[in-house]
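Read through the structure below, which is laid out as structure tokens, and then see the notes.
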2 protein chains.
Amino acid sequence: MPAAKSSKDEAIDAITDVFREFGFDGASLSRLSEASGLGRSSLYHYFPNGKDDMAQAAVERVSERASELVIGPLRAPGDPAMRVKAAAGGIAKFYEGGRANCLVNLFAFGEAGEAAPGAAKDMAAGLEDAFCAVARDAGFSPKEARLKAEHAIVEIEGALVVSRAQGSVAPFQRALARLPGVLTDR
Amino acid sequence: MPAAKSSKDEAIDAITDVFREFGFDGASLSRLSEASGLGRSSLYHYFPNGKDDMAQAAVERVSERASELVIGPLRAPGDPAMRVKAAAGGIAKFYEGGRANCLVNLFAFGEAGEAAPGAAKDMAAGLEDAFCAVARDAGFSPKEARLKAEHAIVEIEGALVVSRAQGSVAPFQRALARLPGVLTDR
DNA sequence: GTCTATAATAGGATAGAC
DNA sequence: GTCTATCCTATTATAGAC
């Protein structure tokens, strides 16, 4: 069985939510402290470099979830289109049905240093690689598969932006429904 | 001939660039002052409500450009696919080839009040309406055309996010090349 | 590890002279 | 319209006691 979550572990969950909701600049220490239930001093005890460390921990947490929910299903054996459908379900969970934001987008702005945005970019690259592999399994050339994978990421990121702007998850859901076609249709 | 640009008019251009590069929170008065060449007091003379007024002026400026560069070509007479191609050229200019960001995305985060994000959303809605009209001209039902227009906006917003994250405009350029297909192909 | 207190800075915004 | 000076607040971050 999994070990009981440590205090730091639970704090990272709360911290991650704050970054995803408010972005790097908007995630003030006050908000991070309140959400995590840790005082300022405790936060600096766990994260000596302050916000930058917290942002990095958030990206790591989010990357783990992406591996479980999205990359795992994509790498499973079976029909490529079915794997994409399974992954779409994972993506929906990962982004809370379209209500959560993507750290790749959020950390591209603001005073975040180098580490967190870089790690977020790496996560996106890993996702794209997994999409690429599934497109290759569907019979596409490496070049074609790479473009299809990029297209899939574009759809997801764009749908999140549009859904947030419109205050409705419908565009995100529709984009997810398009994903199998984007990745496996000729 | 157009009248000479006023001091305020030129300032709005500079201010718009700052918001597009740094987002609302990142656009500090120091940056806005330096970029516009106006002291703090002058900024508050032109924009009594401070940053919120400046952000609104930026959205207005950007909306005008979107009308000229994108909505105009979309509404021109002629073959729908050709109109979309012309609009794609305008979109490339509007987003500086993929290097500039979208205020709809940027103003969805941070301390921006209600007015500027709302105006940005209205601009996006106007763009979507124009896309929708061109899809209808291409023979699609109102419902189909609406979905295609949404899809086009999703592609553009997503491509901007991906291009920014990767530090390359290639994904944006490829998304633009897909636009005619998205809007006019069965 | 957590507390209280506090530093040090930057932020947005205003007042009044010119 | 622009300048200088200033205020208030919030921010990140640290120090030292417990």
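None of these values were measured; they are calculated from a predicted model. What's counted below: heavy atoms across the whole structure, side chains too, no hydrogens, waters or symmetry copies. So that the names make sense, note that chain A is the first sequence line, chain B the second, and so on, each numbered from 1.
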B:Arg146 meets the side-chain hydrogen bond (donor to acceptor under 3.5 Å, both in side chains) criterion, sequence neighbours left out, with B:Glu128, B:Asp129
Hey, what else clusters with A:Leu147 if you join Ile, Leu, Val, Met, Phe, Trp, Tyr whenever side-chain heavy atoms sit under 4.5 Å? none
Please list all pairs passing the side-chain hydrogen bond (donor to acceptor under 3.5 Å, both in side chains) test where one or both residues lie in residues 115-127 of chain A, with sequence neighbours left out. none
Below 4.0 Å from chain B heavy atoms, what is the first contacting nucleotide of DNA chain D and what is the last? D:dG1 to D:dT4
Going by heavy atoms closer than 4.0 Å, what residues in residues 13-21 of chain B are next to DNA chain C? none
Tell me every residue that passes side-chain contact (heavy atoms from CB on, under 4.5 Å) with B:Tyr46, counting only those two or more places apart in sequence or in another chain. B:Ser7, B:Lys8, B:Leu38
Atom pair distance, as rounded to whole Å: CZ in B:Phe22 and P in C:dG11: 12 Å
Sequence neighbours excluded, the answer for side-chain contact (heavy atoms from CB on, under 4.5 Å) partners of B:Ala152 is B:Phe131, B:Leu179, B:Val182, B:Leu183
Among residues at least two apart in sequence or on other chains, which ones pass side-chain contact (heavy atoms from CB on, under 4.5 Å) with A:Ala112? A:Phe24, A:Pro117
Would the number of heavy atoms belonging to other residues, nucleotides or ligands and lying under 6.0 Å from CD of B:Glu34 be above 12? no
Do B:Glu144 and B:Arg186 pass the salt bridge (Lys or Arg N to Asp or Glu O under 4.0 Å) test, and can you show the C-alpha distance, the side-chain angles, and the key distance before you say yes or no? CA-CA 10 Å; B:Glu144 289 172 318; B:Arg186 173 61 59 182; 2.9 Å; yes
Taking a hydrophobic cluster as the set of Ile, Leu, Val, Met, Phe, Trp and Tyr residues connected by side-chain heavy atoms closer than 4.5 Å, whether directly or through intermediates, do B:Phe140 and B:Val154 fall within one such cluster? no
Where along residues 42-57 of chain B does a heavy atom come under 4.0 Å from DNA chain D, residue by residue in number order? B:Ser42, B:His45, B:Tyr46
Please list, pair by pair, any protein nitrogen or oxygen found under 3.5 Å from a nitrogen or oxygen in nucleotides 5-10 of chain C.
none

Does the pair A:Glu68/A:Arg65 count as a salt bridge with the N-to-O cut at 4.0 Å? no
Touch check for B:Ala11, heavy atoms < 4.0 angstrom, all strands: base, sugar-phosphate only, or nothing? nothing
What pairs with A:Arg75 under side-chain contact (heavy atoms from CB on, under 4.5 Å), at least two apart in sequence or on another chain? A:Ile71
Does atom CD of B:Glu10 have more than 12 heavy-atom neighbours, drawn from other residues, nucleotides or ligands, at distances under 6.0 Å? yes
Could you pull out every donor-acceptor pair under 3.5 Å between side chains of residues 90-104 of chain A and any protein atom, sequence neighbours left out?
| residue | atom | partner | partner atom | Å |
| --- | --- | --- | --- | --- |
| A:Arg99 | NE | A:Glu96 | O | 3.3 |
| A:Arg99 | NH2 | A:Glu96 | O | 3.3 |
| A:Asn101 | OD1 | A:Arg164 | NH1 | 2.9 |

